[in-house]
Amino acid sequence: MVTIATWNINSVRLRMGQVERFLSEQAPDVLCLQEIKTREELFPHAAFEALGYTHRVVHGQKGYHGVATVSRIPLREFSRHDWQDNGEARHVGVELLGPAKGLVIENVYIPAGGDVPDREANVKFGQKLDFLGRMTRWADALDRPTLILGDFNIAPLDCDVYDHKALLKVVSHTPVEVETLGAFRDAHGWVDLGRQHIPAPERNYSWWSYRSYWREKDQGRRLDHMWASPELARESRAHRIVEETRRWDQPSDHVPLVTEFSI
DNA sequence: ATGACTGGTGATACCAGA
C-alpha cells in the first residue's frame with residue numbers, strides 16, 4: 001500500500017508546523033506541495049528529515065510559486081517541465097523506487113490566470129490556457145502509468161463550485177477553462193480520483209477564499225486534483241479531503257487530498 | 001453578488017493569489 005498526498009501550502013516555511021501535524025496524523029508516504037514560496041536553499045529540509053521524509057525533490061523560486069515532493073520511500077527526480085515557458089517553478093516529476101518502483105508522480109501548480117477570462121485583455125489567462133495546451137501535448141505522448149496531481153486552479157464540474165451559474169464568468173470555472181482541461185483529460189484518459197471516490201454531485205471542495213464572506217457561507221471550489229492513468233486508477237483504494245486543516249490557526253486557503261493505492 | 005484576506009518582499013505599499 002502506498003499513500004500519496006497533495007497540498008497547496010501557501011508558504012511552506014510559514015506553515016511547517018501544520019505540515020508536521022498533517023504528516024503525523026495522515027502518515028502519507030509521499031507529500032506533494034505547491035506554492036512553497038521559497039527557493040530550494042531555504043526549504044525546511046531538516047524538519048522533513050527529522051520526520052523521516054528523507055527523499056526530497058524541490059523546484060523552488062524566491063517568493064512565488066514553487067513545488068516540492070517529499071517522501072519516506074525512495075524516489076528520484078524524473079522531469080521538470082516549464083509548461084508556461086517563462087521560467088516559473090510550477091512542476092516537478094518524480095519516479096518512485098523501492099516498493100512502488102516505476103510509479104511516476106507529476107506535481108503541478110497550474111497558473112491561476114488573473115481576473116479577466118479573456119486572453120486578449122489579460123495575458124495571464126492566455127498563459128493559463130497555453131500551459132494547459134502544452135500539458136495536453138505532453139499527455140498525448142505519455143506511455144507509462146502516471147499520477148498527476150496538484151493545484152489545477154480549475155473547478156471542472158458544475159458541482160465543484162457553490163454556485164455554477166454565478167461562477168461561469170469567474171476565472172477557475174469558465175467554459176473555456178473547463179473545455180481546455182477536458183482536452184487534457186481526453187489526451188490520456190485521465191481518471192479524476194476525487195470524483196471516482198466521491199461521485200458528483202456530492203460536495204467536494206478543496207479551496208475557500210481567505211475573504212470571510214466566502215468562507216463563512218461555505219462558498220468553496222474544487223481546485224485541487226489527483227488524476228491517474230486508467231490502469232493506476234484501478235489500484236486506488238481510498239481517497240479523502242482533509243478539510244479540517246482549513247480550520248487550523250493561520251491555515252492555507254487550500255486543504256490536502258490523500259489517496260491510498262494498493263501497490 | 002462579493003467588498004470586509006493573506007504572504008512575501010532590498011517591503012511598511014504593492015504584487016499576486018483565485
Side-chain angles (χ1 to χ4, degrees), chain A residues 6-19 33-44 58-68 83-84 86-91 107-119 121-132 149-178 180-181 194 204-225 241 243 245-257:
Chain A
T6 180
W7 195 4
N8 178 321
I9 194 62
N10 188 15
S11 175
V12 69
R13 287 186 290 167
L14 186 67
R15 276 183 255 284
M16 192 57 212
Q18 296 187 34
V19 173
L33 295 166
Q34 302 88 38
E35 274 204 273
I36 61 173
K37 290 188 170 179
T38 183
R39 58 187 215 259
E40 179 172 4
E41 292 78 4
L42 297 176
F43 186 80
V58 180
H59 185 187
Q61 72 178 76
K62 183 178 183 175
Y64 300 104
H65 322 309
V67 294
W83 283 316
Q84 203 172 204
N86 69 351
E88 293 180 351
R90 293 180 174 275
H91 169 270
N107 178 0
V108 66
Y109 174 43
I110 296 178
D115 288 326
V116 181
D118 175 354
R119 70 157 66 233
N122 168 20
V123 170
K124 291 181 181 176
F125 193 72
Q127 288 177 328
K128 182 178 195 175
L129 298 179
D130 293 344
F131 189 107
L132 285 158
L149 53 73
D151 178 0
F152 287 17
N153 271 317
I154 297 174
L157 304 181
D158 294 5
C159 57
D160 289 336
V161 296
Y162 62 90
D163 185 336
H164 165 63
K165 194 174 175 185
L167 286 167
L168 280 171
K169 293 181 178 176
V170 175
V171 174
S172 73
H173 192 62
T174 63
V176 65
E177 289 170 273
V178 171
T180 304
L181 186 63
N204 193 12
Y205 303 146
S206 70
W207 176 87
W208 294 260
S209 172
Y210 282 121
R211 301 187 186 207
S212 59
Y213 51 85
W214 274 338
R215 195 170 60 246
E216 288 163 6
K217 295 179 185 175
D218 191 32
Q219 292 177 328
R221 307 178 202 172
R222 189 170 74 104
L223 302 181
D224 299 270
H225 301 275
I241 292 193
E243 192 175 323
T245 66
R246 191 64 180 82
R247 296 184 289 275
W248 293 355
D249 286 340
Q250 274 199 293
S252 169
D253 46 352
H254 295 255
V255 301
L257 278 56

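Side-chain atoms are counted along with the backbone in the values below, which use heavy atoms only and exclude waters and symmetry mates. Note that the structure is a prediction, hence the values are computed from the model and not measured.
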Please state the [atom1] separation for the pair [N] and [M] - nearest whole angstrom.
{"N": "B:dG8", "M": "B:dA18", "atom1": "P", "result": "14 Å"}
{"N": "B:dG10", "M": "B:dT6", "atom1": "P", "result": "23 Å"}
{"N": "B:dT2", "M": "B:dT12", "atom1": "C1'", "result": "28 Å"}
{"N": "B:dT9", "M": "B:dA4", "atom1": "P", "result": "24 Å"}

Q: For the pair A:W248 and A:W7, name the ring-plane relationship: parallel under 30°, tilted 30 to 60°, perpendicular over 60°.
A: perpendicular
Rounded to whole Å, how long is the line connecting atom [atom1] of [X] with atom [atom2] of [N]?
{"X": "A:W208", "N": "B:dT6", "atom1": "CH2", "atom2": "P", "result": "16 Å"}
{"X": "A:Q34", "N": "B:dG7", "atom1": "CD", "atom2": "C1'", "result": "17 Å"}
{"X": "A:Q18", "N": "B:dT6", "atom1": "CD", "atom2": "C1'", "result": "13 Å"}
{"X": "A:I9", "N": "B:dG7", "atom1": "CD1", "atom2": "P", "result": "11 Å"}
{"X": "A:Q61", "N": "B:dG8", "atom1": "CD", "atom2": "C1'", "result": "12 Å"}
{"X": "A:E216", "N": "B:dC5", "atom1": "CD", "atom2": "P", "result": "11 Å"}
{"X": "A:D249", "N": "B:dG7", "atom1": "CG", "atom2": "C1'", "result": "17 Å"}

Consider only side-chain N and O atoms of [X] and [Y], and report whether a donor and an acceptor are under 3.5 Å apart.
{"X": "A:N10", "Y": "A:K37", "answer": "yes"}
{"X": "A:R215", "Y": "A:S209", "answer": "no"}
{"X": "A:T6", "Y": "A:Q34", "answer": "yes"}

Q) Are any of the side-chain nitrogens in A:R119 or A:D130 under 4.0 Å away from the carboxylate oxygens of its partner? A)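 Between A:D130 and A:R119 there is a salt bridge, with a charged N closer than 4.0 Å to a carboxylate O.
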(Q) Are the side chains of A:H164 and A:H173 in contact, using a 4.5 Å heavy-atom criterion? (A)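 Side chain of A:H173 against side chain of A:H164, heavy atoms only: contact under 4.5 Å found.
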Q) Taking only N and O in the side chain of A:Q250, is any of them less than 4.0 Å away from OP1 or OP2 of B:dG7? A)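 For B:dG7, OP1 or OP2 has a side-chain N or O of A:Q250 closer than 4.0 Å.
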Q.
Measuring to OP1 and OP2 of B:dG7, would you say a side-chain N or O of A:R15 lies under 4.0 angstrom away?
A.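 Yes.
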Q. What nucleic acid atoms does A:Q219 come within less than 4.0 Å of, heavy atoms only: base, sugar-phosphate, or nothing?
A. base
Q. Is the backbone N or O of A:N204 less than 3.5 Å from a side-chain atom of A:E243, with the two atoms forming a donor-acceptor pair by type?
A. no
Mind listing the N/O atom pairs, protein and nucleotides 11-18 of chain B, below 3.5 Å?
from: B:dG17; atom 1: OP1; to: A:R90; atom 2: NH2; distance (Å): 3.4
from: B:dG17; atom 1: OP2; to: A:K124; atom 2: NZ; distance (Å): 3.3
from: B:dA18; atom 1: OP1; to: A:E35; atom 2: OE1; distance (Å): 3.1
from: B:dA18; atom 1: OP1; to: A:D151; atom 2: OD2; distance (Å): 3.4
from: B:dA18; atom 1: OP1; to: A:H254; atom 2: NE2; distance (Å): 3.2
from: B:dA18; atom 1: OP2; to: A:Y109; atom 2: OH; distance (Å): 2.8
from: B:dA18; atom 1: OP2; to: A:N153; atom 2: ND2; distance (Å): 3.0
from: B:dA18; atom 1: O5'; to: A:N153; atom 2: OD1; distance (Å): 3.3

